[in-house]
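Before we start, here is the structure in question, set down as structure tokens.
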Amino acid sequence: MKLKKDFFSRNANVVAKDLLGKILIRKINGRNFRAKIVETEAYFGEEDPASRAIKKGDLRETMAMRAGTILVYGVHNSWLLNIVTGKEGRHEAVLIRALEPLNFEANTKGPGVLTKAMEIKKDFHKENICETGVFWLEEADKNAFEIHSSFRIGIKKDLPEKFRFYIKENKFISRK
DNA sequence: CATATGATGGACT
DNA sequence: GTCCATCATATGG
């Protein structure tokens, strides 16, 4: 079952946690590549020194768009996949940091490489994940797993809260 | 147009 | 853990 807009219109913190274990499907040349989300981070545009959305025009604008909007953020030589959450105008998003491939082999252990594996590029920027038809999320099987949290990775000025969430002992998380 | 700067990845100790 | 190549953006002239 596809995840709808309602799923994303909650707080980024809640969505980030709830996204763990969900299935991401990317349709390439008529084939569906399925991967489980195993690691996420929550970002807040306002009052979040880690988020560049607070200053940069386009990012800030995109984070304020409606829930389910895909935000592709380029840094170094990589693309990072985010999904806008919360109510419109709230400046919240969840970063997808790692996936577990289910019906294919690829390196998806990190936010930059998973976008290469899934062929996610700036093309998707500002598209809505509920509407593209080639890229969406589905409810997962009810697998039991334990959620761990930690501080966000690679951030210069982080908040004193743990906004990174990952599935305990999963082999595909980007870092321990 | 020139230059600074990373929400990185991979190689290495 | 540390080091650094690399390139799409943002910003300033």
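Values below: every heavy atom of this structure, side chains too, minus hydrogens, waters and symmetry copies.
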Please state how far atom CD in A/E39 lies from atom C1' in B/dT8, giving the value in whole angstrom units.
13 Å
Verify the neighbour count for atom CZ of A/R90: are there more than 12 heavy atoms of other residues, nucleotides or ligands below 6.0 Å?
no
Nearest-Å distance for atom pair NZ/C1', residues A/K156 and B/dT8:
12 Å
For the residue pair A/V38 and A/E100, what are the closest heavy atoms and their distance?
CG1-CB, 3.9 Å
If you restrict it to nitrogen or oxygen atoms, what contacts under 3.5 Å exist between nucleotides 6-11 of chain C and the protein, and what is each distance?
residue : atom : partner : partner atom : Å
C/dC7   : O2   : A/H76   : O            : 2.7
C/dT9   : OP1  : A/K122  : NZ           : 3.1

Which residues pass the ring-ring contact (aromatic ring centres under 6.0 Å, His included) test with A/F33, sequence neighbours left out?
A/F104
Identify all pairs in which a protein N or O lies below 3.5 Å from an N or O of nucleotides 1-3 of chain C, and state each distance.
residue : atom : partner : partner atom : Å
C/dG1   : OP1  : A/R175  : NH2          : 2.9

For DNA chain C, the residues among residues 162-171 of chain A that have a non-hydrogen atom under 4.0 Å from it:
none
Close side-chain approach of A/E61 and A/K126, heavy atoms under 4.5 Å:
yes
N-O pairing of A/K22 and A/E138 below 4.0 Å:
no
What integer distance in Å separates A/I83:CD1 from B/dA7:C1'?
15 Å
Would you call A/N13 and A/F163 a side-chain contact if the rule is heavy atoms closer than 4.5 Å?
yes
Charged N-O contact under 4.0 Å between A/D158 and A/R164:
no
Taking the side chain as everything from C-beta on, heavy atoms only, tell me whether A/I155 gets closer than 4.5 Å to A/Y43.
yes
For the pair made of CG in A/L71 and P in B/dA7, what is the distance, rounded to whole Å?
14 Å
How would you label the contact of A/I155 with the nucleic acid (heavy atoms, under 4.0 Å): base, sugar-phosphate, or nothing?
sugar-phosphate
Are more than 12 heavy atoms from other residues, nucleotides or ligands located less than 6.0 Å from atom NZ of A/K2?
yes
Quick check: do A/N11 and A/E92 have side-chain heavy atoms less than 4.5 Å from each other?
yes
Going by centres under 5.5 angstrom and planes under 30 degrees, do the aromatic ring of A/Y43 and the base ring of B/dA7 stack?
yes
Does A/Y166 have A/R175 sitting over its ring (NZ/CZ under 6.0 Å from centre, angle to axis within 45°)?
no
Per the under-4.0 Å heavy-atom filter, residues of residues 105-114 of chain A near DNA chain B come out as A/N107, A/G110, A/P111, A/G112, A/V113
So what does the secondary structure string of DNA chain C come out as, 5' to 3', with Watson-Crick or wobble pairs under 3.5 angstrom, [ ] for crossing and | for pairs with another strand?
|||||.||||||.
